[in-house]
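The structure appears right after this line, and notes come after that.
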2 protein chains.
Amino acid sequence: MKKVTIKDIALKAGVSIGTVDRVIHNRGKVNKNVSKRVTDIMNELGYRKNILASTLAFNKKRTIATILPDPKIDPYWGQPDLGINQGQDAVRDFGIQIKKYWFNLFDVETFIDTYKKAIDEKPDAILLAPIFAKESKNLLKIAKQKKIPIILINTHLEDDYPLSYIGQDSYQSGYLGGRLIRFGLKKKAQVMILNLGERSKNAKHLLRKEQGFKDFFIKNAPKIEVFTANFFDFDNPKKLNSFLEQKLQEYPNLAGIYITTSRAYKVIDAFPKHSKKIKIVGFDLLEQNVDYLVQNKISFLINQHPVEQGYKGIMGLFKHLVMKEPIEKTQYLPLDIVVIENYKFYLENKQPVEMIR
Amino acid sequence: MKKVTIKDIALKAGVSIGTVDRVIHNRGKVNKNVSKRVTDIMNELGYRKNILASTLAFNKKRTIATILPDPKIDPYWGQPDLGINQGQDAVRDFGIQIKKYWFNLFDVETFIDTYKKAIDEKPDAILLAPIFAKESKNLLKIAKQKKIPIILINTHLEDDYPLSYIGQDSYQSGYLGGRLIRFGLKKKAQVMILNLGERSKNAKHLLRKEQGFKDFFIKNAPKIEVFTANFFDFDNPKKLNSFLEQKLQEYPNLAGIYITTSRAYKVIDAFPKHSKKIKIVGFDLLEQNVDYLVQNKISFLINQHPVEQGYKGIMGLFKHLVMKEPIEKTQYLPLDIVVIENYKFYLENKQPVEMIR
DNA sequence: ATTTATGGTGTGTGCGTACACATTTTTTAA
DNA sequence: TTAAAAAATGTGTACGCACACACCATAAAT
C-alpha cells in the first residue's frame, strides 16, 4: 500500500529515473525494450504520479482566459463569475492564473473585439460562453488552429472541437418548465412562452427550450394552447407593460407565463396591476427573482447552477491542463426546482472548495 | 504578482528560512523582534504558503476513519460511500488514507463495537453518521478527549464538539414534503406520515421531519388531517400489506403518504392492488424509487444528496487536517425536488473530481 | 568554568521535471 | 577499413518550495 515512486520503478527496471521520466512523457530517446520493461513495471507496481510533486517541479505558469458577458450589464453573469473565482482559489497553487475578458451581451462587436484581445495574449486555455453562435464558431476555428483547448458553458454549440459543454439541457428544461406551469392549470388555459431580452434566432438554446416546453403540452395536455412571444426592450417598464396588456387582451385565458431567460422579475415589475393572478415560471436565483418567489408572485424558478458552471468550467480546464485527464464531452447540470421551501439551500454558494486527484 | 516564498521573506528579513519557518509554525525559539519583523514582511508581501510544497515536505500519512451503516444491509448507504470514494481519490496525493468501518443500522451493539475498533486504531479524524443518538454522544466524548476531529453526516446531533454537520435540514425537508404532497389534494383529504423502518424516538431527525410536515399543513391547509404511523418490519411484504390495508380502512380519505425514509418503494411493492391512487412522496434516488417515479407511482422524491454528503465530509476533514482552514458548523445540502423530467441529472454522480486551494 | 536557555543557521528530504552531460551504437565519408 | 560525425541511449543532478532536525553561536545562569 506504500506509494510507488519513479525511483522504485527505476530501481526495479535497472535504469535511471531520467529514463523512467522519458518513458512517462515519451520524450523519446529510449530503447523500445527498455521502454516496454519500464511500462510493464509501472503497471505491475501500480504507479501513479504524485500530482503535487509533479506540479511543483513543473514550475510553469499557465493562463486560462474566460470570455463571458459583462456582469455589470447583465447581473446573471455575476454568478458564473463567482464560480470562476472559487475555481481560481482552488487551482492557484497549481500555477494557474485566470484572466477575465468581458463583452457586452447585447453587442456582437464587443464580442469579436474581446475574443481577439484574448487570443492575442496566447492563453493556455479558454472558458467561453458562446452567446453569439456564428462568431463563436469563428473563435473555435481559431482556437483549434492554435491548439488552445476550450470549454463552453451556458450555451450549447454544436461543434466537435470544444473539450466539453457544461450547462443545462435546454430541451429538458423546457419540458420541465411545461410540467411546472401546468400544476393546477385549468383544462382550456392559454400559456405564453416569453423570450425576454434575447431573440431566439441566433440563440439555439432558447429554441430548444421552447420546443421542450411545447412538447410537454403536446404529450401531456394537448388542449392547452401554447404560444411564443419575443420582447427585447425589457429595460423599459412602460413598453413592457403595454406589451403585457396587449397579450392579456389577445389571450383572455392566459394563465401562465414561462420566461425563458433569467429576467422573470422584469415581467412582474411591469405587470398590469388590475390583472388576475397569472402563474409565472422563470429561471435562476437572481435576488429579484427570489424576492418575488418569496412573495409568491413567481411559482417556480428553475435553477441552472450558474455558479457551478463557472466553477466546473475552470476545474475542467485544470483537469485537462494539469492532470491531463479526459473530460466528459457534455456535463449537464441538474435542473433544480426551486420553491419557497428550498430556495435558501441553493442560494448559499458556499460550495466547499474542493480538489482534484 | 510573482509568488512569494519563504526564501523571499527570509532574504528581506535578513534571517534564514529556518527562522521564517519557525515563525510560521511558532515552533518557538525566535526573538520577538525578529518574529514581528518576519510577520510584517509576510503580510506586506502577501505570503501564502504553497500547499503543494508544504504537503510534499510534510510527508506524513493521515487516516480518516468513516463510521457508517453497512450498505449491504441498507442500500442507501452505498451512496455516501460513493462520495467517500471520490473524496479518497481527491486527497490521496495529500497523504490521506481512508479506513472504513461499517456497522449494522439496526443493531446498536454493532455500532458500539465498531466505533471502539475505530478508536483503537487512532485515526486522525472521523466521519460519522450518528444514527444512534445516545451512543454517538459517547463516541463524541471519547473523540473530544482524544482530540480527534469529527464531522457528522446524515443525522444532526446537538453537540458542540463536531467540526461540522453535513446533511439536510430535517424540519425544512418535512415542510417541503408537505408542500409537495399537497399539490392537487382535495380540501378534506387525509395524509399519513409513515416512518418506515426506524422508530422516531431515538432518531430526532425523523421527529423534526414530522414536525415540519405537520407545520406546513397547520399553516397552509389546516383542514387536511395529518397523522403519523410507524412500521418497522418493512422487509415483510405481507405484514406491510396488511398494515396498509388497515390504514386504508381506518382513513377512508387517505390521499397521500409521506415516507420519511428512503424506503418508499417498499410501500409501493406492498400496496393493496385494488386501492385507489394515492400520492406518494419519498426520499432519495434509490434505483427502485426512481423506477416507481418513472412509472408515476411516486409523485415526488426529495433528494438529500447522499453522495455529496460523503464527499463533502471527506473534503471537510481534509480541509481541517491539511489546509487548517475553519469549516462551517452546519452545511445544509439542498433539498432537491425530483420528478420524471429531472431525475436523470441527479442520478449521474459523475461530480467532477475537484480540488482544494 | 560549565551548564542551560535562547536565538539562529544550514541542509537533507519529499517526488517529479528537464536539462546538461556521458556513453554507446549507427551512419557517413574518405 | 577506418576515422569521424551523427544519432541514439542513458546517467546525473539542480531545481521547485516547505518542512524539520541537527547543529552552531551567544548570552545568561549556576
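Lettering of chains follows the sequences in order, A, B, ..., and the numbering in each one begins at 1.
Within the 4.0 Å cut-off from OP1 or OP2 of C/dC15, not a single side-chain nitrogen or oxygen of A/T5 is found. The phosphate of D/dA18 has OP1 or OP2 within less than 4.0 Å of a side-chain N or O from B/Y47. For C/dT9, the OP1/OP2 oxygens have a side-chain nitrogen or oxygen of B/S16 closer than 4.0 Å. The side chain of B/K49 contributes an N or O atom lying less than 4.0 Å from OP1 or OP2 of D/dC19.
Atom CZ of A/R22 is separated from atom C1' of D/dG10 by 6 Å (rounded to the nearest Å). One can place NZ of A/K7 at 13 Å from P of D/dG12, the figure rounded to the nearest angstrom. For the pair A/D21 CG and D/dC15 P, the computed distance is 17 Å after rounding to whole Å. The nearest whole Å value for the distance from the CG atom in A/L11 to the C1' atom in C/dC15 is 15 Å. Rounded to whole angstrom, the span from the CG atom of B/D8 across to the P atom of D/dA18 amounts to 9 Å. Rounded to whole Å, atom C1' of D/dG12 lies 8 Å from atom CD1 of A/I17. If you measure from atom CG of B/N59 to atom P of D/dA20, you get 10 Å, rounded to the nearest angstrom. One interatomic measurement links the two molecules: NZ of B/K60 to P of C/dT13, which rounds to 15 Å at whole-angstrom precision.
DNA chain C is contacted by both B/A53 and B/G18; B/G18 maps to the nucleotide lying nearer its 5′ end (nearest heavy atom per residue). Between B/S54 and A/S35, it is A/S35 whose nearest contact on DNA chain D lies nearer the 5' terminus. When each of A/N50 and B/K32 is assigned the nucleotide of DNA chain C bearing its nearest heavy atom, the one mapping closer to the 5' terminus is B/K32.
Residue A/I166 holds its CD1 atom at 7.5 Å from CG of A/L127, rounded to the nearest 0.5 Å. The line from CG of A/L128 to CZ of A/F103 is 7.0 Å long, rounded to the nearest 0.5 Å. The structure places CD of B/Q97 at 10.0 Å from CD1 of B/I64, a figure rounded to the nearest 0.5 Å. The distance from the CD atom of B/Q309 to the CD1 atom of B/I314 is 12.5 Å, given to the nearest 0.5 Å.
Salt-bridge formation is not detected for the pair B/K12/B/D8: no Lys NZ or Arg NE/NH1/NH2 atom is positioned less than 4.0 Å from an Asp or Glu carboxylate oxygen. Here B/D40 pairs with B/K36 in a salt bridge; the nearest charged N to carboxylate O distance falls below 4.0 Å.
In the set D/dA20, D/dG16, C/dG16, C/dG16 carries the atom at the smallest distance from any side-chain atom of A/I6. Of the candidate nucleotides D/dA18, D/dG16, D/dG10, D/dG10 has the atom lying nearest to any side-chain atom of A/T19.
Each end of the helix from C/dA1-D/dT30 to C/dA30-D/dT1 gets its own rotation axis from five pairs of C1' atoms, and the angle between them is 50° to the nearest 10 degrees.
Among the candidates B/T66, B/D70, B/N85, the single residue satisfying the side chain to side chain donor-acceptor pair (under 3.5 Å) test with B/K100 is B/N85.
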